Amino acid sequence: MTDEGYPDRQPGAGDERGPDRTRLLLGGGLAAVLLAVIGASGGWVLAGAPDQPTAPPAAAATIPSVEATTPAAPPSPADDRPTGTRTTTPAGLTVPQVVGTDFEQARRELRDRKLGWRLVFGNGSGRAVERTSPEPGTPVKRGVTVTLWVAGPAPTVPVPDLVAQSCADAADDLVAAGLYPRYRTGRQGPVTAQDPAGGSSARWNDPVILTCGDEPATTPTASPLPSP
């Protein structure tokens, strides 16, 4: 059989199509493999990779908390100063400690501090102060009256003679003796009368009534004219 029996076949045509077809088949096969790999990878990503172990966060394992690792700051010079509150008694005038002392001594101490006093005598015995109000050590202002409770009753005292003294001096003498002035008229001028009289006996805290000032001058009345 000669070549003329294949009028449609050109010499060498089969040899040219053979290599091209082989390359085409190889290229298609590689593309299919790549698509399969990409599809599988995309499916693993979308599925969340359940078969892959999850590593713990690096920050949680390696970064310690601030409180556990940060060293305390060194104290500043201001931190060396004391920060406690004061517990001492503030400076100033206070009620003296007179409990247990004689009430006259207690009264003198109050007078020296420019404080007033009020004596309350009891039914017991003795002249000692049992308690005070305000209590000893209490901060007070000048002129505050301190009440003294005395164990026994008020003792007797002589009444000074105050007639002819100025009303102010007479009042001071009465207070020094443990008595108190009361005024029948005003507080100016000399004492013209007193009750009880000087030299009589009274008790502590008893009042003495003073009459101060000059006697008012009396105007003489004219005698009636004789009848004609």
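Just so it is clear, the values below take in all heavy atoms, side chains as well, and ignore hydrogens, waters and symmetry mates. Remember, predicted model here, so these are calculated numbers, not experimental data.
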Q: Between E109 and V98, which heavy-atom pair has the shortest distance, and what is it?
A: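 Smallest interatomic distance, heavy atoms only, reads OE1-CG1, 3.7 Å.
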
Q: Check the surroundings of atom CD in Q97: do more than 12 heavy atoms from other residues, nucleotides or ligands lie under 6.0 Å from it?
A: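 Yes.
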
Q: Go through it in stages, so that I can follow the logic: the residues are T185 and T192, the test is side chain to side chain contact (heavy atoms under 4.5 Å, CB included), and I'd like the CA-CA distance, side-chain angles, deciding distance and then a yes or no.
A: CA-CA 11 Å; T185 55; T192 57; over 6 Å; no

Q: Tell me the closest heavy-atom pair linking P196 and V159, and the distance in Å.
A: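 So the minimum-distance heavy-atom pair works out to O-CG1, 3.8 Å.
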
Q: Is there a path of hydrophobic side-chain contacts, each under 4.5 Å between heavy atoms of I/L/V/M/F/W/Y residues, joining V99 to V144?
A: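 Cluster IDs for V144 and V99 differ.
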
Q: What is the distance from atom CG of D206 to atom CG of L174, rounded to the nearest 0.5 Å?
A: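 Here the interatomic distance stands at 11.0 Å.
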
Q: In Å, rounded to the nearest 0.5 Å, how long is the span from CZ of R127 to CZ of F121?
A: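 Output value for this atom pair is 8.0 Å.
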
Q: At what distance, to the nearest 0.5 angstrom, does CG of L110 lie from CD of Q105?
A: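 Between L110 CG and Q105 CD, I get 10.0 Å after rounding to 0.5 Å.
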
Q: For side chain to side chain contact (heavy atoms under 4.5 Å, CB included), just list the numbers for V120 and W149, CA-CA rounded to whole Å, side-chain angles, deciding distance to a tenth of an Å, and then say yes or no.
A: CA-CA 5 Å; V120 179; W149 278 269; 3.7 Å; yes

Q: Do Q194 side-chain atoms and P160 backbone N/O form a donor-acceptor pair below 3.5 Å?
A: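 Flag set: sc Q194 to bb P160 pair under 3.5 Å.
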
Q: Are side-chain heavy atoms of V140 and V146 found at a separation under 4.5 Å?
A: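 A side-chain contact is absent here, since even the closest heavy-atom pair is not under 4.5 Å.
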
Q: For D112, look at atom CG and say whether over 12 heavy atoms of other residues, nucleotides or ligands are found less than 6.0 Å away.
A: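 Yes, enclosed.
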
Q: Taking all non-hydrogen atoms of both residues into account, name the closest pair between V175 and R107 and its distance.
A: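 V175 and R107 have their closest heavy atoms at O-NH1, 2.8 Å.
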
Q: Could you see if V150 belongs to whatever hydrophobic cluster contains V157? Use Ile, Leu, Val, Met, Phe, Trp, Tyr and a side-chain cutoff under 4.5 Å.
A: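 They do share one cluster, since a chain of ILVMFWY contacts under 4.5 Å joins V150 to V157.
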
Q: Which atoms form the tightest heavy-atom contact between V191 and L162, and what is the distance?
A: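 Minimum heavy-atom contact is CB-O, 3.3 Å.
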
Q: Check A171 against Y183 and note the closest heavy-atom contact, atom names and distance.
A: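 What the structure gives for the nearest pair is CB-OH, 3.4 Å.
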
Q: When you measure from the side chain of R142 to the backbone N and O of K114, does any donor-acceptor pair fall under 3.5 Å?
A: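 No, because the side chain of R142 does not come within donor-acceptor range (under 3.5 Å) of the backbone of K114.
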
Q: Which distance, rounded to the nearest 0.5 Å, do you find between the CG of L148 and the CD of E130?
A: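 Here the interatomic distance stands at 11.5 Å.
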
Q: Do F103 and W117 belong together in a cluster built from hydrophobic side chains that touch within less than 4.5 Å?
A: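 Yes, it is one cluster - the side chains of F103 and W117 are joined through contacts under 4.5 Å.
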
Q: Got a second to check how far R182's CZ is from D195's CG, nearest 0.5 Å?
A: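 CG of D195 is found 13.0 Å from CZ of R182.
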
Q: For the residue pair G186 and C167, what are the closest heavy atoms and their distance?
A: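 For G186 and C167, the tightest heavy-atom pair comes out as O-SG, 4.2 Å.
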
